[in-house]
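Report on the following structure.
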Amino acid sequence: MKMKLTWMLFGFVVAMCLVVGIAVSRPNAEGGYGIANASHRAMLCTGSQQDDGFVRVLGCLMGLFQLSFLVGCLVLGLRCLKSWRALAGVFIVGAVIYMAVFLLIVAFDLKNVPRQTPAMILGFPAATAIMLFVFWPMPLYFIVVYAATFWHWVITRDDMQRFQAWMVVRSRRREHEN
Amino acid sequence: MEEARGTIVLVAIAVYMASCLAIGLWAMRRTKSTRDFFVAGRDLGILVTGLAIFSSTMSGFGFVGGPGLVYRMGLSVMWIIIGIPIGYCVSFFLLGKRLRLFGELLDSVSLPDVVAARYRSELCRFLAALAILLGVIGYLGAQILAMATILQDILEQNPWMGDISLFHCVFISSAVLVFYCVTGGIIASVYTDLVQGLVMMVAAVFVFFTAMHTFEGGFSGMVQTIAADDAGAVGPWGTVGMLGCLSWFFLFAVGSAGQPHVITKMMMNRRIEDARHILPLSAIGYTLSALLIISVGMVMRALVLSGSHADLDHSDAAAPQFLQTYAHPVLAGIVFAGLFAAIMSTADAFLNVGAAALVHDMPRAILGRSLVHELFWARCATAALALMAAVFALYTQDLVALLGAFGWGTFAAALVPVVAIGLNWKRATALAANVAIITSLLVNFVLKLSSRITGFEIPYAIDGGTVSLLVSLLLFFLISFCSRQPKLDPDIEAVMDM
């Protein structure tokens, strides 16, 4: 299973490299992003290329590959299980929610072009509110999974006992060598 | 009270520094071996480790640079802040158990120790130590310079102090840092981190509410004012754009698992199972502190745009000006102490991993053995590193800025594949690890240098650190897949199977 997972992680890395490669190879228009504010020298303003459709598609792909890679990394750190079904379910659900929230941010932001009067949620434009109040707290899901399944998916009490036994053997071996 | 603002701030900083010195003296009595000096005898509790991890992450860059970046770029910076908590998850899932198990199994005191044993390669140890040392000198220089500049600003506000040079400020701030790091090693470092973390959290929460009440209409009012000038600035991608923001998110989320000053602390907790409590504690601590970054950056941008505050010459002035103008003098004192805490907690962690690289890993990689009287040399190396970084900070400020920027990206690109992936994947080879480290150093340095010399920028504000992280990950996977599976030490293999 871990072998398949590393191939998947490799695939996500290749995909991200391709996205960055395509973005870098496109002409970079002057004033495309982060242009200086006319009246406040230390501030930047939105540039002309930020609402470019193709960049949005690249950004969308980049975000989805990143989130897949991140969740894949979380699974890579878990112990080797006989059955991966329950574990895969929990992490696939997490990844799907994470990606869905990300796509919601993109969708609400897209709805707000041209940038004039965005729909507001809790005092922020809808896309920003989703980013702040849903996307930002998303790691909580994985933190709860880590804490709740620690003795099953991260390490078991049997593993701990085996480890302590090795340590005893190892220290005896060292004493013998010395 | 307003007239005494400068004195109150100075007293708060003096009290904070005195507490650091006292902790240094206390920790000296507990530091009896190299193991105590570098990994606190692997006996740290949940609260200390949790707060030490988050306060080492939140550096001067976060506490001073963060609000400045929000002021300058709008909400683009949120992607750095959002990236760190998921980065903690990645770090703990990948390394929380492994580093602690390897640390105990190998009785290792540094990250390159674990790397050398995992890959059975002293070259790998040397390269990992070199990457850590290069990043540490630059990062440390940048932290010392930031600390001295702030101290100079504060002292200049007290007319009775007279003129004080940057040299003297570097001397004062480095002396306190060196004292507690040399005397108490990592024990002093993590216990000061505990104080520093608490100060940062308290300061951030108070500042958040102060900022909210400073602007009429609270956050809603700020958003409307900023949006009236540029709606994109309060959009999810800020002014930097989607690809730039996502490159930061990736670098800070995945890159967290490669920051040696943070992940080394995962080798220090008393019990392996403590990791499940440390993770939420670190994530909550960081999130609370990050409230300061968002609130101060946004309120200053809104105040300047509404004409209620004069235009800022430089975005880094956002936090100091807010504190000097709008915060209660006592709160300003706490926050300035928090600012020092943020800088010092990162600097002391760097001093510790840098000293380990210098006196423990380099000699082992080159001579094949440890130094005699390692603890003595560790203390000397800590002082020498701080001195080197201080001189560097004073006399080569351009180079410091370059190496400072080089820090996070270098650590991420060099150590994420080798440590975070490699400790969880038996197929990873020493060749792949060596190539990943060398590539990450080269790509990062060339990108930063060309940006300084020729003004070259990667299109769409994609961060250079992200590019080098992707390149090193790609090569690491590719070379490992193309090589024959390496033969591992049976003990290492057994731990990797857990």
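Please read all numbers here as calculations on a predicted model, not as lab measurements. Quick note on labels: first sequence line is chain A, next is B, and so on, each numbered from 1.
Heavy atoms only, all atoms of each residue included: B:Arg301 and A:Leu44 are closest at NH2-O, 2.9 Å. Residues B:Ser315 and A:Ala42 share a closest heavy-atom pair of N-CB, 3.8 Å. In this structure, B:Pro459 and A:Ala23 approach most closely via the heavy-atom pair CB-O, 4.4 Å. Heavy atoms only, all atoms of each residue included: B:Leu243 and A:Met62 are closest at CD2-CB, 4.3 Å. Closest heavy-atom contact between B:Asp311 and A:Arg41: OD2-N, 3.6 Å. Of all non-hydrogen atoms in B:Val223 and A:Met120, the two that sit nearest each other are CG1-CE, 3.8 Å.
Heavy atoms closer than 4.5 Å to chain A are found in both the backbone and the side chain of B:Leu478. Contact of B:Ile278 with chain A is not made at all, since no heavy-atom distance falls under 4.5 Å. In this structure, the portion of B:Met298 lying under 4.5 Å from any heavy atom of chain A is its side chain and not its backbone. Within the 4.5 angstrom heavy-atom criterion, atoms from both the backbone and the side chain of B:Ala461 approach chain A. B:Ala275 touches chain A through backbone and side chain together, each having a heavy atom under 4.5 Å away. Heavy-atom distances place both the backbone and the side chain of A:Phe163 under 4.5 Å from chain B. Interface remark: A:Leu132 contributes side-chain atoms only to the contact with chain B (heavy atom separation under 4.5 Å). Interface remark: B:Leu101 contributes backbone and side-chain atoms alike to the contact with chain A (heavy atom separation under 4.5 Å). Of the atoms belonging to A:Leu67, it is side-chain heavy atoms, and not backbone ones, that fall under 4.5 Å from chain B. Heavy atoms closer than 4.5 Å to chain B are found nowhere in A:Met138, neither backbone nor side chain. Contacts of B:Leu470 with chain A are made by both backbone and side-chain atoms, with heavy-atom separations under 4.5 Å. For a residue to count as touching a neighbouring chain, one of its non-hydrogen atoms must lie under 4.5 Å from one of that chain's; by this rule B:Ala494 touches chain A with backbone and side chain alike. Interface remark: B:Leu423 contributes no atoms to any contact with chain A (heavy atom separation under 4.5 Å). Heavy-atom distances place both the backbone and the side chain of B:Met498 under 4.5 Å from chain A.
Under 4.0 Å is where a charged nitrogen must lie from a carboxylate oxygen, and between A:Arg162 and B:Asp497 no such pair does.
The distance from the CE atom of A:Met167 to the CG atom of B:Asp491 is 9.0 Å, given to the nearest 0.5 Å. The structure places CZ of B:Arg72 at 14.0 Å from NE2 of A:His40, a figure rounded to the nearest 0.5 Å. Going from atom OH of A:Tyr98 over to atom CD1 of B:Ile86 covers 4.0 Å, rounded to the nearest 0.5 Å. To the nearest 0.5 Å, atoms CD1 (B:Ile294) and CH2 (A:Trp136) are separated by 3.5 Å. One finds the CZ atom of A:Phe142 at 12.0 Å from the CG atom of B:Leu279 (value rounded to the nearest 0.5 Å). To the nearest 0.5 angstrom, A:Cys73 atom SG is 4.0 Å from B:Ile421 atom CD1.
At a threshold of 4.5 Å between non-hydrogen side-chain atoms, the residues A:Met131 and B:Ile82 count as touching. Side-chain contact between B:Trp425 and A:Leu9 is absent, with no heavy atoms from C-beta onward closer than 4.5 Å. The closest side-chain heavy-atom distance from A:Asp109 to B:Met242 is not below 4.5 Å. Between A:Met43 and B:Asp230 there is no side-chain heavy-atom pair separated by less than 4.5 Å. The shortest distance between side-chain heavy atoms of A:Val154 and B:Arg276 does not fall below 4.5 Å.
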Should B:Asp229 and A:Ser39 be marked as a side-chain contact (heavy atoms from CB on, under 4.5 Å) after you check the CA-CA gap, both sets of side-chain angles, and the distance that decides it? CA-CA 10 Å; B:Asp229 174 68; A:Ser39 21; 5.5 Å; no
Let's go through B:Glu104 and A:Gln164 carefully: what are the C-alpha distance in whole Å and the side-chain angles of both, what is the deciding distance for side-chain contact (heavy atoms from CB on, under 4.5 Å) to 0.1 Å, and is it a yes or a no? CA-CA 10 Å; B:Glu104 193 171 336; A:Gln164 294 309 331; 3.9 Å; yes
Assess the residue pair B:Met78 and A:Thr128 against the criterion (side-chain contact (heavy atoms from CB on, under 4.5 Å)); give the C-alpha distance rounded to whole Å, side-chain angles, the decisive distance to 0.1 Å, and a yes or no. CA-CA 10 Å; B:Met78 276 309 298; A:Thr128 310; over 6 Å; no
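A distance-only check finds no donor-acceptor pair linking the side chain of B:Lys97 to the backbone of A:Ile155 [under 3.5 Å]. Between the A:Gln66 side chain and the B:Leu246 main chain, a donor and an acceptor come within less than 3.5 Å of each other.
Within 6.0 Å of CD on B:Glu493 lie more than 12 heavy atoms contributed by other residues, nucleotides or ligands. More than 12 heavy atoms of other residues, nucleotides or ligands shown are found within 6.0 angstrom of CE on B:Met212.
Looking only at heavy-atom pairs under 4.5 Å with chain B, the residue among A:Asp158, A:Ile143, A:Val71, A:Thr156 that has the most is A:Ile143. Note on B:Leu305, B:Leu95, B:Asp316, B:Leu75: by heavy-atom pairs under 4.5 Å with chain A, the leading option is B:Leu305. Heavy-atom pairs under 4.5 Å with chain A peak, among B:Arg98, B:Met222, B:Gln224, B:Glu273, at B:Glu273. With chain A as the partner, the residue from B:Ser220, B:Cys89, B:Gly83, B:Ala228 showing the most heavy-atom pairs under 4.5 Å is B:Cys89. When the candidates B:Leu105, B:Val467, B:Ile81, B:Leu312 are compared by the number of heavy-atom contacts under 4.5 Å with chain A, B:Leu105 comes out ahead.
Ring planes of B:Phe481 and A:Trp7: parallel class, angle under 30° (limits at 30 and 60°).
Among residue pairs with one or both ends in residues 141-150 of chain A, none qualify as side-chain hydrogen bond (donor to acceptor under 3.5 Å, both in side chains); sequence neighbours excluded.
Annotation: residues 10-20 of chain A contacts chain B through A:Phe10, A:Val13, A:Val14, A:Met16, A:Cys17, A:Val20 [non-hydrogen atoms, separation under 4.5 Å].
Taking the six-membered ring for Trp and the full ring otherwise, B:Phe93 and A:Trp153 have centroids separated by 6.0 Å or more.
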